K.L.:
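Below you'll find the structure I mean.
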Amino acid sequence: MESRYLAALSGRNEGAPPLWIMRQAGRYLPEYRELRKKHRFETMMETPELAYQVTKMPLERFDLDAAILFSDILPVCRTVGGKVAFVEGKGPVVDFNFEKFAVECGVESLQFVEKAIRLLKPDLSVPLIGFAGGPFTVASYLIEGGGVGDLKKVKRAIAERREELHRLLSLLTDQTIDYLLMQVEAGVDAIQLFDTWAGMLDPCAFQEFVLPYNQKIFAALSGKVPTIFFGRGLGSHLHLLKEIGATGIGVDQTVDLSYARAFLGNEVVLQGNLDPGFLYGSKDSVVEQVKKVLEKMKGDPAYIFNFGYGILPDVRPEVVEWIVETVKQKVTV
Ligand code: CP3
């Protein structure tokens, strides 16, 4: 039977929408936290057998329609000379010289990803999603030195160091294309580009610093695998997303899905957008929120259920079970 996820990506899904969850392979799972006690996050990403194990964890618990490779968007930083450390309780800290930078190595330095994909593919019963960060979001971590906050340094660079910023985005775009082609070659079934912070730019800056680079990436993948562009707060950028060249668009909870469908037309696949902040209530309240999202996209053949943003570490795993049951129409409240 064809996977629901791939059917939706080709606009032909019937019945319940497919679902997967951003950050499904992560800290809300006790078995992840257990394994994580024994290894650093970097070690888990860079050891194909561990990445294999973590990628499969959520699938062993829940009836999800896709797997996403356990990795991160930041390893690609090393190709342009950025050194990333994931600091306990703080998140990523990035050491990068924005005064003087160049390509330092190619994506062969990320071959652990290719190996993990090759291990996973024969053992999965659902499609495997590969991914990378959008050049703008990755550049933001490089320039800000870690957590992006209000993008002060990036915005200063837009005002004062436009040329260098374009040069960095251009280098990252080429590396990201190589990196994603490596993942496609290894067997991923679809690609999601996480440009999480691109929506923090006004539409003009988005047009200059996000659109052309992402268009180049999606053009390089065109005809190979279906692609999804994801960002937060994209409500004022929908007209630009029409031109981005991805098979689908993943939106956060600030965008109305039925409005996005009407505005973007039936050609594009839509993914989203349950507010992950709604996962802390009673079962009835969670089910009600899921149903609100489902109602908006009822019968839509090109819709994938997801959250508006990644699941947070303090969510109880049984909440995911309620959500899966509701999306699969096994729950009546
Ligand atoms: O399950 C999945 O979705 C696959 C794995 C995945 C991770 N990060 C694992 C991770 C994916 C797709 C990402 C993407 C990612 N990483 C993004 C884009 C999407 C988003 O969430 O905005 C960004 C901006 C990052 C950068 C990043 N990585 C941050 C800011 C942090 C620290 C904050 C946090 O949420 O922990 C990480 C660490 C990270 N990435 C963890 C995991 C499981 C936690 C590591 C740990 O301490 O165990």
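Numbering of ligands and ligand atoms starts at 1, following listing order. For clarity, every value in this text was computed on a predicted model and none was experimentally measured.
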K.L.:
List every atom of ligand 1 that sits less than 4.0 Å from any heavy atom of F86, numbering the atoms from 1 in the order shown and giving each element.
P.N.:
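In order of number, 28 (N), 37 (C), 38 (C).
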K.L.:
So, 4.0 Å and heavy atoms of L69: is ligand 1 close enough to count as a contact?
P.N.:
yes
K.L.:
Which residues pass the salt bridge (charged side-chain N to carboxylate O under 4.0 Å, His left out) test with R33, sequence neighbours left out?
P.N.:
none
K.L.:
Give yes if a backbone or side-chain nitrogen or oxygen of W20 is under 3.5 Å from a nitrogen or oxygen of ligand 1, and no if not.
P.N.:
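No: no nitrogen or oxygen of W20 is under 3.5 Å from one in ligand 1.
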K.L.:
May I ask you to decide whether R118 forms a salt bridge with E114, counting only side-chain N to carboxylate O separations under 4.0 Å?
P.N.:
yes
K.L.:
At less than 4.0 angstrom from any non-hydrogen atom of T196, what atoms of ligand 1 do you find?
P.N.:
18 (C), 19 (C), 20 (C), 22 (O)
K.L.:
Relative to atom 15 (C) of ligand 1, which among M44, R33, R23, M57 owns the nearest non-hydrogen atom?
P.N.:
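The option holding the nearest heavy atom is R23.
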K.L.:
Does any N or O of ligand 1 fall below 3.5 Å from an N or O anywhere on A25, backbone included?
P.N.:
yes
K.L.:
Is a side-chain N or O of Q271 found less than 3.5 angstrom from the main chain of N306, in a donor-acceptor match?
P.N.:
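Checked: no pair found.
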K.L.:
Considering heavy atoms of the protein only, find what lies nearest to atom 23 (C) of ligand 1 and give residue, atom and distance to 0.1 Å.
P.N.:
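Minimum-distance protein heavy atom for atom 23 (C) of ligand 1 reads I73 CD1, 3.4 Å.
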K.L.:
Do R78 and E46 meet the salt-bridge criterion of a basic N to acidic O distance under 4.0 Å?
P.N.:
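Looking at R78 together with E46, the answer is yes, because their closest N to O distance falls below 4.0 Å.
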K.L.:
State the atoms of ligand 1, each with its element, that fall below the 4.0 Å cut-off from a heavy-atom position in Y309.
P.N.:
20 (C), 21 (O), 22 (O)
K.L.:
I'd like to know if the side chain of R261 reaches the main chain of Y303, judged simply by a donor and an acceptor atom lying under 3.5 Å from each other, with no hydrogens or angles considered.
P.N.:
no
K.L.:
Looking at non-hydrogen atoms alone, which of I129, D195, D72 comes nearest to atom 37 (C) of ligand 1?
P.N.:
D72
K.L.:
Under 3.5 Å, is there a donor-acceptor pair between the D284 and S282 side chains?
P.N.:
no
K.L.:
With a 6.0 Å cut-off on ring centres, are F194 and F131 close enough?
P.N.:
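Ring-ring flag for F194/F131: true, centres closer than 6.0 Å.
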K.L.:
Among all the protein's non-hydrogen atoms, which is closest to atom 47 (O) of ligand 1, and how far away is it?
P.N.:
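Closest protein heavy atom to atom 47 (O) of ligand 1: R36 NH2, 2.9 Å.
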K.L.:
Using heavy atoms and a 4.0 Å limit, tell me yes or no: is P92 in contact with ligand 1?
P.N.:
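Yes, that is the case, since the closest heavy atom of the residue is under 4.0 Å from the ligand.
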K.L.:
Heavy-atom contacts under 4.0 Å between E88 and ligand 1: side chain, backbone, both, or neither?
P.N.:
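It is neither; nothing of E88 touches ligand 1.
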K.L.:
Between F70 and F41, how do the two ring planes meet: parallel, tilted or perpendicular, split at 30° and 60°?
P.N.:
perpendicular
K.L.:
My understanding is that we take every heavy atom of each candidate and find the minimum distance to atom 24 (C) of ligand 1. Doing that for F131, Y141, F194, which one comes out nearest?
P.N.:
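The nearest heavy atom belongs to Y141.
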K.L.:
Counting only heavy atoms closer than 4.0 Å, does ligand 1 sit against the backbone of F230, its side chain, both, or neither?
P.N.:
neither
K.L.:
If hydrogens are left out, which of S71, G26, A51 has an atom nearest to atom 7 (C) of ligand 1, that is, the closest non-hydrogen atom?
P.N.:
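Selected option, by shortest heavy-atom distance: S71.
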K.L.:
Would you say R27 has any N or O atom under 3.5 Å from an N or O of ligand 1, going by distance alone?
P.N.:
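There is such a contact, yes.
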K.L.:
Measuring from L128:CG to T55:OG1, what's the distance to the nearest 0.5 Å?
P.N.:
7.0 Å
K.L.:
Test of understanding: with salt bridge (charged side-chain N to carboxylate O under 4.0 Å, His left out), list the residues that count as partners of R232, not counting sequence neighbours.
P.N.:
none
